[in-house]
Amino acid sequence: MIEIRLFNPYIDITYRTDDFPIERWSQFLDNFRKGNEEIISFGPTYEEIHGSDENSKMPEIVTICPKHWAKISVTELEGSGDWRG
């Protein structure tokens with residue numbers, strides 16, 4: 001499972017998902033830099049929001065476009081490195 005934190009001046013969102021491993025995120029970033037991928041989507045298993053959307057309902061699918069965030073932090077959570085894709 002990975003944890004994805006999205007930051008901009010108005011909101012800080014934390015998601016957790018087991019839809020893909022951190023290696024897939026790294027591959028996505030390489031493809032994003034080359035212009036081959038613009039977004040990545042996943043089903044969250046956890047959501048925490050601080051900021052303008054604090055009272056929103058957790059979505060079934062999250063789509064991230066890195067160019068719309070000031071910072072994105074991705075961490076592999078302990079014991080989650082056994083994913084087979």
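The figures that follow rest on heavy atoms only: side chains count, while hydrogens, waters and symmetry mates do not. If you read the sequence from its start, that first residue is 1, and numbering goes on from there.
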Drop me the distance from [X]'s [atom1] to [Y]'s [atom2], to the nearest 0.5 angstrom.
X: D12; Y: H50; atom1: CG; atom2: NE2; answer: 6.0 Å
X: E3; Y: T14; atom1: CD; atom2: OG1; answer: 5.5 Å
X: K71; Y: L6; atom1: NZ; atom2: CG; answer: 11.5 Å
X: T17; Y: M1; atom1: OG1; atom2: CE; answer: 7.0 Å

Hydrophobic cluster membership, [X] vs [Y], 4.5 Å side-chain cutoff:
X: L29; Y: I39; value: no
X: Y46; Y: F20; value: no
X: I49; Y: F7; value: no

- Message: Could you check whether any side-chain heavy atom of I2 comes within less than 4.5 Å of a side-chain heavy atom of F42, counting everything from C-beta outward?
- Response: no
- Task: Using a 4.5 Å cut-off on heavy atoms from C-beta on, say whether the side chain of I40 contacts that of F32.
- Result: no
- Donor-acceptor under 3.5 Å (D19 side chain, G43 main chain): yes
- Keeping the roles fixed (side chain from T45, backbone from R16), state whether a donor-acceptor pair exists under 3.5 Å. yes
Side-chain donor-acceptor pairs of residues 58-69 under 3.5 Å, sequence neighbours excluded:
unit_1 : atom_1 : unit_2 : atom_2 : d
T63    : OG1    : S41    : OG     : 2.9

- Please indicate whether E38 has more than 12 foreign heavy atoms, meaning atoms of other residues, nucleotides or ligands, lying under 6.0 Å from its CD. no
